[in-house]
Amino acid sequence: MAAGRSFRAPKGTRDLLVPESTRARRLVEVFADLAERSGFGLVVTPMFEELDVFLRLGEATDVVTKEMYTFETKGGDRLALRPELTASLVRAFVQHNPPTPWKAWCAGFNFRYERPQKGRYRQFEQVDVELIGTADPQADVEVVALGWRFYEALGLRRVALKLNDLGDRADRPRYLDALRAHFAGNLDALSEQSRLTLEKNPLRVLDSKRPEDADLVAAAPVIGDYVSDESAAAFVEVQVGLRALDVPFTVTPRLVRGLDYYTRTTFEFAGVGLGASQDAVGGGGRYDGLVEDLGGPATPGIGFGLGVDRTLLACDEEGVFPAPAPAVDVFVVDVVDGSHATVLCDELRRSGLGADRAYEGRSMKAQMKKAGASGAPLAVIVGPDEDADGTVAVRDLRTAEQSTVARGDVVESIRKLLS
RNA sequence: GUGGCUGUAGCUCAGUUGGUUAGAGCGCCAGGUUGUGAUCCUGGAAGUCGGGGGUUCGAAUCCCCUCAGUCACCCCA
């Protein structure tokens, strides 16, 4: 709606107002708590990086080649808004060379220039965890389980964990050859889109949702048959580990993810109620080799990113993690001149309580209405009588019980009523 | 980037085969005999009917363009 001249949030972005904004923040807090209790430390990186940082992620990655916000500074530097968090964190790892294993978590906005949709925005928030410096499969278990426990903590039940083993980089060419051979023999049965994809990145063809490709994809060779013995053994250990934690999963041989740096353990969390298309609420995997790509020493690593917006949508689907109803403890009604409300609010706030008030000397009825709408359980009322007596009326808005207390006893009596 | 659908007050929506001053509910504001809220009653403010152009005596209602939203593809969180 809205008229021609009015401004609005740019395409694909939106404003979050209360209570949705608060809800998103609380979701991040739940994650932060879990991550920090798991030994991950908060790392904050810039929202933009040298363009090359992301270009290293791979030429076959759409996120990098066609969806990035790139720009040039006045000084001539080529920069890009981050399309994902892992690259930035790995870059930070390389730059600071911290002791390993390095356990980092972060939350922040990413930017991708693509057609918006429900659950898909040009600016979207993710929470993220990276564990860099160990190839121990137990680390894989810990990371995957952390994601699972997070969804559990929110109350989500209909999340499906898909797991796959993409093998080592050295295994990849043999599998790709096999894939090409498989599809090349049936080219005309393949959709036009998929034929193009086949040239750029054969793996991605496995991800096609076009019905005409279904049969061919189903018959395609499975990557598990092409991975090294070490990778296969590690994958078994990961599965055993997850079972020991009662984290349910489904091995999905055709799980291919959009970032090309993934190796070995790769996974995705799908919101079952979200419909077929934007159902990925989170995903990640191992990226042995990425640290090297970004100029560091050969170092293994694993991590994931979980979408805040989509996770919240999944919560809506299941009716869990409801939006909070933020409310102050006390609403101060002042029908004298408004200055009593200012003083009382200050006093209440300094004592640690939450207090709000009305403005512009509105009628008592109007102020009481505000008090009710504020959600505050209590109201403090100051009128001419109280002003003259040095008292205030304290009203319990839940029970409509009201009493008069000395001006100096306000905080104490409020405390009593709240407990 | 490609295709389908949608676009009326802050929100959710009505608006007959185009015809006088565009409606409802919720929300908001003000009252209901001078101090008290979530109920009830009354009244009020608020819409260039997404924007632009066209057809017509006349369009929110028909046509074109455009913008935005939405769904699917692509891809992903």
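Within every chain, numbering begins at 1; the chains are lettered A, B, ... in the order of the sequence lines, protein sequences first and strands thereafter. No hydrogens, no waters, no symmetry mates; every other heavy atom, side chains included, goes into these values.
Between B:G18 and B:C57, the two P atoms lie 15 Å apart (nearest whole Å). Nucleotides B:A9 and B:U48 place their C1' atoms 13 Å apart, quoted to the nearest Å. For the P atom pair drawn from B:G31 and B:A45, the interatomic distance equals 16 Å after rounding to whole Å.
When the nucleotides B:G31, B:A68, B:G1 are ranked by their closest atom to the side chain of A:R115, B:G1 comes out on top. The side chain of A:V63 approaches B:C75 more closely than any other nucleotide in the set B:G31, B:A30, B:C75. Taking the side chain of A:R8 as heavy atoms from C-beta on, and the options B:A68, B:G31, B:C29, the nearest nucleotide is B:A68. Closest to the side chain of A:K365, out of B:C29, B:G31, B:A77, is B:G31.
Contacts of A:G282 with the nucleic acid, taken as non-hydrogen atoms under 4.0 Å apart, involve only primed sugar atoms and P, OP1 or OP2. In this structure, A:A400 reaches the bases: a heavy-atom distance under 4.0 Å links it to at least one base atom across the strands shown. Across all strands shown, A:V380 has no heavy atoms under 4.0 Å from either base or sugar-phosphate atoms. Among the protein residues, A:G12 comes within range of the sugar-phosphate backbone only, with heavy atoms under 4.0 Å from sugar or phosphate atoms but none that close to a base. Contact annotation for A:E386: base contact, defined as any heavy-atom pair under 4.0 Å involving a base atom.
Dashed line: the shortest gap from a side-chain N or O of A:K11 to OP1 or OP2 of B:G69 is under 4.0 Å. Taking only side-chain nitrogens and oxygens, A:R14 never comes nearer than 4.0 Å to OP1 or OP2 of B:G69. Residue A:K66 places none of its side-chain N or O atoms closer than 4.0 Å to OP1 or OP2 of B:U2.
A distance of 9.5 Å separates CG of A:N110 from CE of A:M47, quoted to the nearest 0.5 Å.
Atom CD of A:Q367 is separated from atom P of B:A38 by 14 Å (rounded to the nearest Å). A:Q117 has its CD atom 5 Å from the P atom of B:A72, to the nearest Å. For A:R398 and B:U39, the CZ to C1' distance is 20 Å, given to the nearest whole Å.
At a threshold of 4.0 Å, the pair A:E268-A:R257 counts as salt-bridged, since one of the basic side-chain nitrogens sits closer than that to a carboxylate oxygen.
The aromatic rings of A:F48 and A:F71 sit perpendicular to each other, their planes meeting at more than 60°, with 30° as the lower class boundary.
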Pair A:D168, A:V227 - check side-chain contact (heavy atoms from CB on, under 4.5 Å), show working. CA-CA 7 Å; A:D168 295 305; A:V227 304; over 6 Å; no

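Relative to the ring axis of A:F111, A:R122 does not place its NZ or CZ within 45° and under 6.0 Å from the centre.
Residue-to-nucleotide contacts include a donor-acceptor pair under 3.5 Å from the side chain of A:R120 to the base of B:C74. With hydrogens and angles ignored, no donor-acceptor pair under 3.5 angstrom links the side chain of A:E268 to the base of B:A77. For B:G69, the base has no donor-acceptor partner in the side chain of A:K118 [N/O atoms by modelled type, under 3.5 angstrom].
For A:F31 and A:F150, the gap between ring centers is short of 6.0 Å.
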